[in-house]
K.L.:
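Sharing a structure, written as structure tokens. Questions coming.
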Amino acid sequence: MDFFKAQDDARRNTGKLLFFYLLAVLGLIISIYLVSWALFAGSGAAEPGTLAFWNPVLFTSIATITLLIIGAGSAYRIISLRKGGRAVAEMMGARLVESSTKDPDERKLMNIIEEMSIASGIPVPAVYILDQENSINAFAAGYTPNDAAVGVTLGCIRLLSRDQLQGVIAHEFSHIFNGDMKLNIRLIGILNGILIIHLLGAVLMRAQFYSNIGRSGRNDQKGRLAILVFGIALMFIGYMGVIFGRMIQAAVSRQREYLADAAAVQYTRNPDGIAGALLAIKNHSEGSQIKEAHAAEFSHLFFSSGHKSWLNSMMATHPPINKRIEAIKASFMMEMSGERASKKFNHEQDSGKKKSGDSGSDKFDKIVKGSMLIMAAGNPAASHLTAARKMLDELPETVTVALRETDGARALVAGLLLSPEDSTREKQHLICENYDSSIYAEAELHQKALSSKPAYVHIALAELCINPLRTLKKADSVAFTGFLKELINADGKVDLLEFCLEEIIVNSLLRYHKNGKEEKVIYTSIHELIPELNVLLSAVALRAGNPQKAFQTSSEIIITSSDREFELTLLTSESLTNERLRLALEAFRKASGELKNSMLHGLAEGMIHDRKINEEELSLFRAIAASVEVPIPFIMPDKLLS
């Protein structure tokens with residue numbers, strides 16, 4: 001999967017969705033107009049022949065009222081979902097799983113999600129369980145990775161093995177990566193507006209049907225009958241609109257499910273995991289059915305169909321289970337065939353069967369190129385999961401416990417920022433005392449336990465801390481981020497690791513409390529971002545052994561991908577302030593996926609131009625990627641170059 005193309009496709013699909021939505025709304029307006037005209041003309045309220053078939057005044061009135069009703073219905077649902085994934089979970093009555101849970105099934109689920117988050121490079125999503133659902137199902141919802149929620153049914157965690165559950169979670173993470181979540185949640189808001197017409201018709205029909213017609217005069221009876229007929233017509237018209245909307249919902253969802261299945265196999269390298277989960281659904285007495293009232297409205301969010309319809313073949317949001325299992329096995333066999341061909345080619349290369357001019361003597365010929373590094377965005381592999389699990393297993397127990405509690409996470413982040421210098425540490429001690437007198441002692445223990453760990457582990461730990469830190473209220477979160485900035489600035493300067501940690505934690509919490517509001521795309525041409533490119537490329541190049549060569553390599557990659565020539569300039573370390581770096585990142589958050597791809601591809605190629613990768617380069621690269629919401633898998637320099 002091309003992460004950047006998937007993100008841009010999701011935006012384009014939103015436009016297509018809006019187009020079909022407008023068609024549905026236009027159809028509703030015309031249908032309601034025709035019914036209104038027929039009732040008005042047949043009621044005797046107008047003189048015969050005076051009400052023309054095309055009546056602009058009547059049409060305008062009908063269109064305005066209909067648009068207001070549909071708009072109000074959509075706006076209501078969109079506002080109710082403004083918190084993103086957690087709003088969806090709460091509407092379904094799901095329970096938030098505490099990071100510190102000791103329940104064996106819940107712990108298994110949390111461990112899988114934490115591993116997947118580290119491996120993929122995104123914050124741990126909020127995790128929910130639908131306690132009343134004994135079926136096997138799951139969902140991912142949200143606008144961005146920062147407000148994402150993953151929910152599973154009780155049956156899912158109790159009936160599936162670890163491998164099967166991992167396959168299901170990997171499938172849901174694919175929806176987070178490729179932009180399906182925000183498309184799906186917008187679809188909920190749009191369909192609710194159409195549903196309101198159907199509900200309004202039902203209200204009118206019931207109100208008139210149960211009223212006492214016999215006590216009214218003849219004219220009043222005619223009026224009531226007209227309203228009854230109009231209500232029935234609205235119900236029918238609205239239901240047709242809902243069916244049309246469900247068909248859009250199904251069309252959008254079905255193909256994405258095949259892609260998410262294939263991605264899950266790629267992430268886990270275990271087709272039996274997700275295939276086994278699907279088979280378990282097929283053999284389970286309750287299957288994947290969701291009893292909760294919102295099951296139909298949210299059906300396209302689930303791992304497997306949560307709602308059956310009498311028009312199931314046309315409106316099914318998921319492909320049949322047997323077809324999904326067959327597609328999983330077929331895609332895995334194709335991938336294995338490709339790998340065998342690649343290994344054969346590499347063996348021939350190593351055996352000296354190379355074309356003239358090839359130099360295969362250097363180990364660097366076998367390393368991942370910058371383009372491959374970027375292709376890994378949103379595509380974590382089994383090796384990344386293995387590395388993530390190994391990292392977690394090697395953590396001290398005190399750190400593992402801290403990662404699962406809000407107070408522990410606060411102390412752990414503070415520990416990552418404590419300075420080894422005594423003079424700075426004294427200032428930081430006072431800052432801790434002013435913020436929370438109990439935090440310093442624990443932070444100092446974490447600093448000692450983690451001082452020998454490399455920077456990429458510190459960054460991964462910061463990403464894991466985001467989930468428990470989200471439980472802080474907005475005011476407490478603001479106070480905590482202010483506290484972190486004080487710790488960072490205690491020595492009057494901000495080093496690279498401090499900048500990376502601040503960028504990841506502060507921005508993640510800030511976006512979370514903004515309800516995961518997605519940045520609008522403003523920049524679509526690389527020429528609009530040349531000053532920002534100078535800043536980002538220089539920041540990484542200055543950490544390389546040969547900054548000029550690294551910058552030149554990055555520049556050539558980006559300029560070559562452009563439609564016209566331009567120049568980039570390597571900045572000096574003195575002119576490259578953290579404020580300029582933050583502003584550059586803010587601009588690129590508003591760039592298209594194509595521009596983010598070009599920028600990160602250039603950075604990656606420059607980073608490995610000298611056949612070496614140091615921790616500073618890699619840490620800053622990951623921080624930049626995280627800031628512009630591109631999930632780069634968990635990478636270790638020695639593994640990348642092995």
Side-chain angles (χ1 to χ4, degrees), residues 10 13-14 17-18 20-22 24-25 28 66-97 125-133 137-153 172 175-176 179-203 238-239 241-242 244-246 248-249 252-253 290-302 306-307 317 470-471 473-474 477 510-520:
N13 285 336
T14 300
L17 181 64
L18 184 60
F20 285 115
Y21 172 64
L22 292 175
V25 170
L28 289 172
T66 303
L67 288 172
L68 286 173
I69 293 171
I70 294 175
S74 290
Y76 169 78
R77 178 57 79 229
I78 290 169
I79 291 171
S80 69
L81 296 174
R82 68 187 182 279
K83 291 183 179 179
R86 32 185 182 148
V88 172
E90 288 165 5
M91 286 178 68
M92 286 195 285
R95 169 178 57 86
L96 179 67
V97 179
V127 183
Y128 289 84
I129 291 179
L130 284 79
D131 288 310
Q132 307 305 314
E133 306 289 349
N137 221 327
F139 69 88
Y143 292 104
T144 72
N146 281 294
D147 79 311
V150 171
V152 299
T153 59
E172 298 307 326
H175 287 312
I176 296 175
D180 290 344
M181 288 195 315
K182 52 179 172 271
L183 183 65
N184 288 340
I185 205 167
R186 284 169 179 161
L187 191 55
I188 294 170
I190 284 173
L191 292 180
N192 193 70
I194 297 175
L195 179 64
I196 291 296
I197 298 295
H198 172 74
L199 296 177
L200 181 61
V203 169
Y239 192 66
V242 171
F244 183 73
R246 298 289 186 222
I248 296 172
Q249 186 183 39
V252 168
S253 179
I290 302 296
K291 295 175 288 188
E292 209 279 329
H294 292 285
E297 185 180 8
F298 296 161
S299 61
H300 58 297
L301 300 179
F302 290 105
H307 173 74
T317 53
R470 288 189 187 124
T471 61
K473 294 180 180 179
K474 187 174 181 178
S477 182
L510 181 65
R511 290 177 210 155
Y512 177 76
H513 288 291
K514 284 184 176 179
N515 297 321
K517 187 177 179 182
E518 185 188 9
E519 295 281 4
K520 291 183 179 179

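Counting begins at 1 with the first residue of the sequence. Because the structure is a prediction, the values reported are computed rather than measured.
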K.L.:
Shortest non-hydrogen contact from Arg470 to Pro145?
P.N.:
NH2-O, 4.0 Å
K.L.:
So, using side chain to side chain contact (heavy atoms under 4.5 Å, CB included) as the criterion, who are the partners of Leu96 when residues are at least two apart?
P.N.:
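Per chain and number, Leu96 pairs via side chain to side chain contact (heavy atoms under 4.5 Å, CB included) with Ala126, Tyr128.
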K.L.:
Taking all non-hydrogen atoms of both residues, which atom of His300 and which atom of Asn184 are closest, and how far apart?
P.N.:
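In this case the closest contact between His300 and Asn184 is NE2-O, 2.9 Å.
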K.L.:
Looking at Ile196 and Gly73, what are the two nearest heavy atoms and their distance?
P.N.:
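Heavy atoms only, the tightest pair is CG1-CA, 3.6 Å.
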K.L.:
How long is the span from the CD1 atom in Ile69 to the CG atom in Leu199, to the nearest 0.5 Å?
P.N.:
11.5 Å
K.L.:
Which atoms form the tightest heavy-atom contact between Ile78 and Tyr143, and what is the distance?
P.N.:
O-OH, 4.2 Å
K.L.:
Might you point out which heavy atoms bring Tyr512 and Asp147 nearest each other, and give the distance in Å?
P.N.:
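Closest approach of Tyr512 to Asp147: CD1-CA, 4.5 Å.
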K.L.:
Which residues pass the salt bridge (Lys or Arg N to Asp or Glu O under 4.0 Å) test with Arg77, not counting sequence neighbours?
P.N.:
Glu297
K.L.:
What residues, two or more places apart in sequence or in another chain, satisfy side chain to side chain contact (heavy atoms under 4.5 Å, CB included) together with Ala138?
P.N.:
Val152, Val168, Glu172, Phe303
K.L.:
So does Gly189 get a backbone contact from the side chain of Ser74, meaning a donor-acceptor N/O pair under 3.5 Å?
P.N.:
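Pair found, side chain donor or acceptor close to backbone of Gly189.
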K.L.:
Distance from Ile197 atom CD1 to Leu28 atom CG, nearest 0.5 Å?
P.N.:
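Here the interatomic distance stands at 6.0 Å.
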K.L.:
Which heavy-atom pair separates Lys473 from His513 by the least distance, and what is that distance?
P.N.:
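Answer, listing the atom of Lys473 first, then His513: C-CE1, 4.1 Å.
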K.L.:
Got a second to check how far Ile188's CD1 is from Leu81's CG, nearest 0.5 Å?
P.N.:
5.5 Å
K.L.:
Out of curiosity, Gln132 CD to Glu292 CD, how far, rounded to the nearest 0.5 Å?
P.N.:
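So the CD of Gln132 and the CD of Glu292 are separated by 10.0 Å.
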K.L.:
Please report the interatomic distance CG(Leu301) to CE(Met92), rounded to the nearest 0.5 Å.
P.N.:
6.5 Å
K.L.:
Under a 4.5 Å cut-off applied to non-hydrogen side-chain atoms, are Phe139 and Leu130 in contact?
P.N.:
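They are in contact (side-chain heavy atoms under 4.5 Å apart), so the answer is yes.
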K.L.:
Is it true that atom NZ of Lys291 has more than 12 heavy atoms of other residues, nucleotides or ligands lying nearer than 6.0 Å?
P.N.:
yes
